[in-house]
Amino acid sequence: MLDGVVLLLGLYLAVSPWVLNIHATNPNVATNNLVIGLSLAAFGLALALLPTRMYRLGWTAIPIGVWMIISPWVVTAGHNPTSNVIWNNAWTGGIAVVLGLAMATITFRAWPRRPGTRGA
C-alpha cells in the first residue's frame, strides 16, 4: 500500500510547479521538483513491481523528503523562495519522510534475525 502512495506523491511532486504556477517565477525549483518527483515516482513503481528486490530500499524516501524540505532555500536564486514553494515542498517532503520511516520500520521488523545475536 505504501508503494502506491510513494508513486502518487512522486507524480504530484513532478507536476506541482505547474499546478501551483511556480514554474515561471522559480524555474530552478520547478526543475528540481520535476526531477525529484519523477525519481520518487519511479522508485514507488519499482517498489510496487519488484517488492522482493526493492523492499530494503524503502528508507531512501527519508533523505529524498529531507531534500524536498530544504531545497526551496538551496535551489532558488537569491535563496529567497516564495511561501507557496516552501509550503508545497515542506508538506511533500514531510510526507516522504513519514513514508520512508514507515517502510524502514516494516523492513526492520520483517528482517530475519540470526540465532545467537543480541536483541533477537
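Just so it is clear, the model here is predicted, and its values are computed rather than measured.
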Asks: Just so I know, are the side chains of M68 and V97 near enough to count as touching, which here means a heavy-atom distance under 4.5 Å?
Replies: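 The answer is no, as the side chains (C-beta and beyond) never meet within the 4.5 Å cut-off.
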Asks: What is the distance from atom OG1 of T92 to atom CG of N33, rounded to the nearest 0.5 Å?
Replies: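 Taking OG1 in T92 and CG in N33, the distance rounds to 6.5 Å.
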Asks: If I compare all heavy atoms of G65 with all of A96, which pair ends up nearest, and what's the gap?
Replies: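 Minimum heavy-atom contact is CA-CB, 3.7 Å.
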Asks: Roughly how far, to the nearest 0.5 Å, is the CD1 atom of I64 from the CG atom of L99?
Replies: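 Result: 11.0 Å between the selected atoms.
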Asks: How far does CG of L20 sit from OG1 of T25, to the nearest 0.5 angstrom?
Replies: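 Between atom CG of L20 and atom OG1 of T25 there are 10.0 Å.
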Asks: Nearest 0.5 angstrom please: I70 CD1 to I86 CD1, how far?
Replies: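 It comes to 13.0 Å.
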Asks: Under 4.5 Å between side-chain heavy atoms, counting indirect links through other Ile/Leu/Val/Met/Phe/Trp/Tyr residues: same cluster for V85 and W91 or not?
Replies: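 Different clusters.
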Asks: Is any side-chain heavy atom of N89 closer than 4.5 Å to a side-chain heavy atom of I69?
Replies: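 They are not in contact (no side-chain heavy atoms under 4.5 Å apart), so the answer is no.
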Asks: Taking C-beta and beyond as the side chain, do F43 and L7 meet within less than 4.5 Å on heavy atoms?
Replies: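 Sidechains of L7 and F43: no contact.
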Asks: Are V98 and W87 connected into the same hydrophobic cluster when the rule is that any two of I, L, V, M, F, W, Y join if their side-chain heavy atoms are below 4.5 Å apart?
Replies: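 W87 does not cluster with V98.
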Asks: Do the non-hydrogen side-chain atoms of W67 and V75 ever get within less than 4.5 Å of each other?
Replies: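 A side-chain contact under 4.5 Å exists here.
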Asks: Compare every heavy atom of A14 with every heavy atom of P17, then report the nearest pair and how far apart it is.
Replies: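 Shortest heavy-atom contact: CD-O, 3.6 Å.
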Asks: Give a yes or no on whether V5 and I36 share a hydrophobic cluster (residues Ile, Leu, Val, Met, Phe, Trp, Tyr; joining criterion: side-chain heavy atoms under 4.5 Å apart).
Replies: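 As far as the 4.5 Å side-chain criterion goes, I36 and V5 are connected within one cluster.
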Asks: Taking atom types as modelled, find out whether N88 and S16 have a side-chain donor-acceptor pair closer than 3.5 angstrom.
Replies: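 The criterion, which ignores hydrogens and geometry beyond distance, is satisfied for S16 and N88.
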Asks: Under a 4.5 Å cut-off applied to non-hydrogen side-chain atoms, are T76 and N28 in contact?
Replies: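 T76 vs N28: side chains apart.
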Asks: Could you see if W73 belongs to whatever hydrophobic cluster contains V66? Use Ile, Leu, Val, Met, Phe, Trp, Tyr and a side-chain cutoff under 4.5 Å.
Replies: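 Different clusters: W73 never reaches V66 through Ile, Leu, Val, Met, Phe, Trp or Tyr contacts under 4.5 Å.
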Asks: Can you name the nearest heavy-atom pair linking S71 to N32, along with the distance?
Replies: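 Taking S71 first and N32 second, the nearest heavy atoms are OG-ND2, 3.3 Å.
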Asks: Give the cluster check for L38 versus L50: same hydrophobic cluster or not, with ILVMFWY residues linked at side-chain heavy-atom distances below 4.5 Å.
Replies: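 L38 and L50: separate clusters.
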Asks: Roughly how far apart are L9 CG and Y12 OH, rounded to 0.5 Å?
Replies: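 With rounding to 0.5 Å, CG (L9) is 9.0 Å from OH (Y12).
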Asks: What I'd like to find out is whether the side chain of H23 reaches to under 4.5 Å of the side chain of N21, using heavy atoms alone.
Replies: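 In contact.
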Asks: Any non-hydrogen side-chain atom of M103 less than 4.5 Å from a side-chain atom of L47?
Replies: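 SC-SC contact between M103 and L47 confirmed.
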Asks: Using a 4.5 Å cut-off on heavy atoms from C-beta on, say whether the side chain of W59 contacts that of L101.
Replies: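 L101 vs W59: side chains apart.
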